[in-house]
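So you know, we letter chains A, B, ... as the sequences are listed, proteins then strands, and number each from 1.
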Amino acid sequence: MGAMFTDLANFITGGSGVNILYFMVVLPAVLAVLTVIIPRDSFIARSICFLAAALADLILAIALFIDKEGSMLLSWTDFEINLAFRVDDFSSAIVLALAIFAVLVGIYSVSFLRKKEKYGQFYCYYLLTLAMANGAVLADNLVVLLFFWEGLMVTLFGMLVIGDRQKPATAMKALVLNGIADLLLMLGVAATAAQAGTFMMAGVSQLPIEGLGILGFVCMMAGAVGKAGSMPFHSWIPDAAEVAPLPFMAILPAAFEKILGIYLLVRITFDFYQMVPGSVMSIVVMAIGAITIVLAVCMALIQKDIKRLLSYHAISQVGYMILGIGTALPVGIIGGLFHMINHVMYKCCLFLTAGSVEKQTGTTDLRKISGLGKLMPITTVCFLVAAFSISGVPPFNGFFSKELVFDAAWESGMVFYIAAVLGAFLTAASFLKLGHAAYFGPLHLPEGVKAEDVKEAPGAMLLPMGILALGCLVFGLFNRLPLSVIQPIIGEGYDFSGWPHSITLVAISCVVLLLAVGNHIFGYRRTGEGLKAVDHIHYAPVLRSIYNCAEKRYFDPYDIIMVLIKGFAWVCFGIDRAINWVYDVLMVNFIGGLSSGMRLLNNGSVDRYMVWSFVGIGFIALLCLFFV
Amino acid sequence: MNILSIAILTAALLLIVTGLYMLVRTHNMIRIIIAVEVAMKAITLLLAYAGWLNGQTALSQAFVVTIIVMEVVVAVVAAGLAISSFRKNGDLDIRRLNKLNG
Amino acid sequence: MSAGLEFVLLVFMGLPLLIVLINNLLKREIAQKICLSLGLIAGIGQMVAAIVVFVSLNAAGQASVDFSQFWNLTAGASRFSVDFFSLLALFCIGMVVTAGFLTAGKTIGDKRFNFTNLAMIILLGMNGIALVTDLFSLYVFLEITGVASFVMIALNKEGNGIEGGFKYLVMSAIATAFILGGLAFIFMQSGSLLYSDVASALSDWQNVDQPALLIVAFALVLVGFSIKSGIMPFHGWLPDAYQSAPAAVSVILGGIVTKMAGVYAILRLTGDIFVGVNLVNQILMLLAIVSIVLGAVAAITQTDFKRILAYSSISQIGYILLGASCGSAIGLIGAMLHFFNHATFKTTLFVNSAAVETATGTTEIEKLGGLQEKMPVTGVSSILAFLSTAGIPPLAGFWSKLLIILAVWQTGNFFIAGLALFASIFTAAYFLRLQRCVFFGSAVEGLENTKEVTGGICLSSVVLSVITVGFGLLFPLVLLFVQSQGLI
Amino acid sequence: MTTFVIVLCLVLMVGFALSAAMLRSMLKSAVSLAAMSAALAVILYMMGAVWAALFELSVCVGLITVVFISAISLTTPDRRDEAHTKDHRQRFAALPFILIAAGVALIAVLVSTGFYLPQPGEEAVAEAAFNQVLWQTRQADILGQILILLAGAFAVVVLFKEGRKI
């Protein structure tokens with residue numbers, strides 16, 4: 001099938017070597033521009049164009065997935081910066097995953113954004129994001145990778161600006177944090193290329209982590225986990241949840257960025273570099289994972305807004321993936337990747353349910369809504385499936401992938417295992433709280449919203465949710481299906497499908513889940529409200545003050561950076577004024593003066609023009625004498 | 001030493017200098033056209049001489065004939081522009097043609 | 001010569017001549033009605049023919065075709081030849097002339113009969129420039145193009161057309177004198193002015209009897225063509241001519257005529273004839289960078305829409321010549337592609353200026369404002385064109401500028417490469433000013449009822465914008481083609 | 001003999017050029033130009049370019065002079081022109097000195113560098129018939145001549161015709 005597309009591409013381009021890979025990038029980008037060019041009033045035409053792009057990408061991705069091979073190279077002059085693409089087992093699976101989520105969230109977005117302003121820009125950025133993501137995954141050259149990676153940052157910024165045009169503080173925050181991560185990545189790419197002696201990925205293979213390699217590895221890893229939204233690059237995500245349109249949250253922080261970040265992390269740790277289990281680097285990566293799991297889930301626990309809560313979980317879950325990959329054990333890597341896929345499914349699904357709640361009630365603040373279960377049964381069912389999945393209840397998909405990560409953590413160090421289990425406990429507790437508060441209990445709606453107005457979400461929004469929820473179940477029950485795709489990535493002969501191997505770990509997990517339920521019942525009895533079921537943790541003696549600080553954003557790395565920067569900025573201010581003066585006053589006046597002077601010289605007299613020409617001739621004559 | 005070549009080169013230079021000097025210093029549009037003609041004479045001279053030198057007399061004659069035709073048409077067009085300008089402005093002073101500047 | 005290609009001369013030289021004949025043989029009333037359509041036929045026919053020839057050349061695996069004779073006396077040396085670059089130029093000519101005729105529909109009024117006649121002569125002249133293989137014939141066609149342009153600029157005898165035309169004529173006459181003077185010295189050495197003969201005669205130019213004469217010849221030819229292409233400091237006539245020409249004429253003039261008359265000839269010279277003459281390249285590079293920077297600087301404070309475009313042309317011509325002056329294949333390719341890109345985006349802008357002039361009656365930017373809402377197509381196409389001019393990826397202008405700057409970098413002139421890159425900021429500066437004054441902001445008093453100009457003007461700016469964007473996006477394919485031809 | 005005649009005609013040419021530049025009357029300038037063309041025609045004849053000499057004589061001495069004279073007569077009767085030409089001689093007073101300086105400088109450079117060009121006729125002269133060369137190898141130029149005459153015709157239509165109404 002893929003070969004067919006390649007033939008078609010060759011036919012179109014006259015057999016110049018361009019193939020399907022090129023279209024994976026160009027097609028969404030071209031259609032992205034088209035969505036903005038189509039007149040603003042024709043929502044339908046724009047939406048059709050938008051969905052067509054997503055579907056076309058899916059078809060191409062399927063073709064690639066079947067074919068699983070191909071490469072193209074547009075070479076650029078003498079420098080080694082070629083537009084090079086390549087596809088293999090791993091990247092074809094990733095591209096397929098991206099395409100599937102793009103279609104699902106795309107369908108949802110069309111319904112969600114109906115009658116909203118700026119939807120055209122959203123479509124455009126969405127498709128550009130898709131194009132950039134495809135490019136980043138398929139890139140076969142570090143510079144090309146970097147190009148698309150930075151492009152993703154731009155579209156991210158654009159999407160955030162749509163949401164909060166007046167005061168794009170969140171967009172700035174995202175830009176700064178992502179910018180730092182990307183700068184690190186750039187540094188890493190430079191160091192890696194210096195060590196490998198080439199920019200082409202074929203030459204960057206299994207480098208040892210030593211010397212310059214340490215710098216390259218650490219910086220590239222920072223770039224990758226930063227994109228995935230791990231600590232300490234995470235803090236824009238909860239803020240974005242408040243201002244950005246919901247499909248944005250579902251597609252970018254929940255889906256694309258995780259997939260891309262983890263993809264790159266795996267590429268770095270096992271392809272570009274050679275990470276050995278138990279090595280220092282492995283421990284560093286695992287530590288990042290463990291800290292992310294625990295801290296983010298702690299913050300998630302006390303959130304009172306569905307979107308914020310979910311976005312903290314999006315951070316926390318990425319910790320599991322990083323932890324799994326950080327172990328450098330086959331079981332951990334596969335667990336991490338499997339968890340990534342699962343996470344994207346259930347977190348996407350959760351965000352979509354939050355979106356339908358928002359669409360119907362106008363808010364996602366848990367203090368204003370409860371008992372929606374009866375009004376929105378299908379949404380509730382989807383939520384439950386996804387919540388079970390994220391909490392690791394068997395036999396949903398999250399359970400299996402978490403077990404694999406637990407297994408790896410158990411072998412790598414008790415401290416990581418404990419962190420992972422603690423994370424699982426708190427995750428379960430916070431979802432019990434969320435589910436209980438939002439969907440069960442007595443009906444409670446925000447002021448001005450009548451119960452009869454709150455209906456089930458429209459079909460186009462339910463369809464993606466339903467598919468994702470079903471997927472959670474299918475990937476759990478038939479986990480051989482996804483694992484058979486993932487396992488070949490790290491080599492032959494691994495099989496972790498079926499029921500988890502270690503009975504002990506499963507038992508511990510079940511006990512932890514039961515504990516979480518117990519904890520919830522305890523809290524609920526104490527306060528009488530589902531929402532406050534975890535208050536005893538929130539207001540526990542020591543934790544209370546820490547949480548207070550956290551709520552005031554004392555721990556937000558962005559704010560810390562900003563405070564430092566403020567001091568620095570103050571010093572720089574004076575210098576800046578001076579430089580600014582040079583640019584704003586001196587340069588402008590100089591150029592303006594030069595330009596006005598030229599206008600005066602050009603006085604309309606043909607004699608004057610001839611004199612100028614003679615000056616030019618004299619100049620040429622002098623040059624001739626000089627060169628002779 | 002070759003007196004003829006030196007004489008021709010010198011004469012050509014002097015004619016071109018005269019033409020260019022006239023172009024810059026005169027204020028009359030028709031005189032400008034005359035100046036262009038003077039310069040073109042020098043070019044004709046040079047081309048004919050080049051043909052005479054390298055034995056391609058026939059070719060250089062073809063060149064010269066073509067140049068003469070071109071010259072006439074350019075002179076006619078220029079005279080037409082000068083006359084139009086005269087009808088519009090009432091004189092031929094090139095200094096009046098400075099509405100376009102900047 | 002492959003059999004199917006014999007019709008080439010018939011289309012490129014015969015079709016416009018035929019249209020001139022038809023136009024003049026018809027009754028004047030009928031001619032007034034259909035002459036613009038006739039012109040469109042010539043323009044579109046030329047584009048189609050250029051594409052057909054390109055495809056058949058490519059299919060035959062040839063790089064060029066020679067045509068020997070018009071009338072069949074005896075076999076002689078080839079006098080006309082088509083290669084890929086001349087096809088590119090012919091396509092550009094067809095495109096710009098088509099745009100000019102589309103623009104003329106609403107702007108030219110009752111001068112259309114003479115407009116068509118003269119435009120056909122210009123077309124013939126430019127086609128000749130693209131096709132000839134002899135330096136003297138090149139001069140002949142330059143002169144034809146020039147004479148027709150002087151008259152066209154003065155087509156409306158009201159306004160400043162006569163002034164612009166006369167200035168162009170005077171400067172062009174000086175240029176002619178210099179070019180012919182140079183040719184005379186070269187002829188003295190080579191005994192023939194065929195490109196191939198001159199190239200072989202000059203291949204060892206430092207060891208001839210009188211290299212000094214040849215140096216004088218190079219300098220004269222270079223000065224002549226520099227005046228013709230209007231690069232700094234030989235540019236005085238160019239803004240005046242562009243500004244004073246009637247709208248449709250300035251589309252043709254600004255879009256292609258001065259490029260064919262000057263820039264194309266220089267590209268031919270550096271690419272085919274003065275191949276080994278470093279002297280010319282080095283001088284050209286200096287002139288080009290001066291033009292790039294000063295042209296852009298001068299554009300910053302201009303107050304007339306067309307004048308800004310004229311100074312922008314000076315700056316962009318500088319880029320083309322910069323590419324040509326590198327003496328490397330990549331530079332020449334970059335220059336050719338920029339030639340094409342410049343024809344598209346500058347024509348778009350001139351068409352837009354015609355639209356603005358038709359809609360509001362003025363091109364002075366201080367009297368304009370807030371037209372974006374009223375004239376969306378013009379506004380958007382103008383933004384696209386100016387982004388392309390400023391070299392913003394992924395539009396077409398970016399790629400060609402990139403190639404040119406890369407080529408300069410490879411020659412080791414890092415400072416010049418940096419300066420060329422830096423000048424893009426000025427480009428952005430003057431175009432932003434233009435865009436802000438004309439299209440952004442709120443509508444100026446008296447312009448509230450402005451409407452988009454429909455019909456040909458609108459059509460041509462849309463099509464040209466599509467070409468700009470499409471060429472940019474598909475540029476890798478172009479590059480692949482160039483590579484497959486073994487040019488880079 | 002040939003050399004002598006050519007040099008004489010060259011001197012005449014420069015002299016007439018000078019008078020074309022410096023004479024206050026435009027009519028006299030035009031006549032000087034015609035005389036210059038005549039001298040050039042003689043040089044062309046001496047160099048063996050008979051056809052070119054014929055063209056130079058008929059077209060440049062005849063036609064162009066007619067064009068100038070009619071242009072002058074169409075535009076002259078204007079008092080303001082007198083005022084403009086009053087300082088004419090002053091503006092051109094420097095020209096003879098510039099010419100002398102340029103001539104001396106060029107001759108000095110040529111002589112001091114031992115400038116050498118072959119005597120005409122030293123190389124084998126491949127004499128081909130002018131007619132054949134023109135019609136067989138210069139077809140592009142002939143086409144160009146036709147076109148430029150067309151352009152000139154259109155120019156006359158545009159530039160002269162409507163003016164008659166005034």
Side-chain angles (χ1 to χ4, degrees), chain B residues 1-11 13-15 17-19 21-22 25 27-28 30-31 33-35 37-38 41 44-45 48-49 51-62 64-66 68-73 75-77 79-84 86-87 90-93, chain D residues 3 6-7 10 13-14 17-18 20-21 26 29 33 36 40 44 47-49 51-52 55-56 59-60 63-64 67 71-72 74-75 78 80-81 84 91-92 95 98-99 102-103 106-107 110 116-120 123-126 128-130 133-134 138 141 145 148 152 155 159-160 163 166:
Chain B
M1 287 299 295
N2 181 344
I3 293 177
L4 197 56
S5 64
I6 290 181
I8 285 178
L9 287 179
T10 314
L13 177 80
L14 296 187
L15 290 179
V17 169
T18 314
Y21 188 84
M22 257 178 106
R25 291 299 278 170
H27 296 155
N28 185 303
I30 292 188
R31 246 179 232 282
I33 310 167
I34 293 178
E37 290 295 320
V38 170
K41 296 295 159 223
T44 316
L45 179 65
Y49 179 58
W52 192 33
L53 266 187
N54 59 22
Q56 303 277 358
T57 329
L59 191 55
S60 77
Q61 282 196 74
V64 170
V65 168
T66 313
I68 289 169
V69 173
M70 300 282 151
E71 221 178 331
V72 170
V73 175
V76 168
V77 170
L81 284 172
I83 291 168
S84 306
F86 178 79
R87 285 180 179 149
D91 68 3
L92 288 170
D93 195 336
Chain D
T3 311
I6 288 178
V7 172
L10 288 174
M13 272 181 85
V14 176
L18 207 55
M26 234 159 15
S29 284
L33 183 67
M36 214 179 121
L40 179 61
L44 292 179
M47 287 177 173
W51 284 98
F55 259 79
E56 182 73 30
V59 178
C60 288
L63 193 56
I64 292 190
V67 169
I72 292 165
L74 276 173
T75 54
D78 193 332
R80 279 179 292 178
D81 205 43
H84 290 152
R91 274 185 273 126
F92 283 88
L95 182 57
I98 293 176
L99 287 189
L106 182 66
I107 292 172
L110 293 182
Y116 168 81
L117 278 178
Q119 278 286 355
E123 288 179 22
V125 178
F130 165 68
V133 171
L134 182 65
R138 309 309 304 177
D141 298 354
Q145 291 186 20
I148 200 146
L159 296 174
F160 288 85
I166 300 168

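Both the backbone and the side chain of D/I148 have a heavy atom closer than 4.5 Å to some heavy atom of chain B. Looking at B/S84, only its side chain comes within 4.5 Å of chain D, counting heavy atoms on both sides. Interface residue D/V14: backbone and side-chain heavy atoms are both found under 4.5 Å from chain B. If you measure heavy-atom distances from B/L15 to chain D, the contacts under 4.5 Å come from the side chain alone. Both the backbone and the side chain of B/I34 come within contact range of chain D, judged by heavy atoms closer than 4.5 Å. Using a 4.5 Å cut-off between heavy atoms, D/M47 contacts chain B through both its backbone and its side chain. For D/A52, the parts lying under 4.5 angstrom from a heavy atom of chain B are both the backbone and the side chain.
A 4.5 Å side-chain heavy-atom check between B/T18 and D/L99 finds at least one atom pair inside the cut-off. Residues D/V59 and B/V69 are not in side-chain contact: their nearest non-hydrogen atoms beyond the backbone lie 4.5 Å or more apart. Side-chain contact between B/L14 and D/L106 is absent, with no heavy-atom pair separated by less than 4.5 Å.
Between the CH2 atom in B/W52 and the CG atom in B/L4 there is a gap of 5.0 Å [rounded to 0.5 Å].
Qualifying side chain to side chain donor-acceptor pair (under 3.5 Å) partners for B/E37, counting only residues two or more places apart in sequence or in other chains: none.
Contact count against chain D (heavy-atom pairs under 4.5 Å) is highest for B/T66 among B/V64, B/V76, B/T66. Taking chain B as the reference chain and counting heavy-atom pairs below 4.5 Å, the highest number among D/L40, D/V7, D/L18 is found for D/L40.
Annotation: D/F55, atom CZ; neighbour count of heavy atoms from other residues, nucleotides and ligands within 6.0 Å does not exceed 12.
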Q. Taking it one step at a time, do B/T44 and D/E56 satisfy side-chain hydrogen bond (donor to acceptor under 3.5 Å, both in side chains)?
A. CA-CA 10 Å; B/T44 316; D/E56 182 73 30; 4.9 Å; no

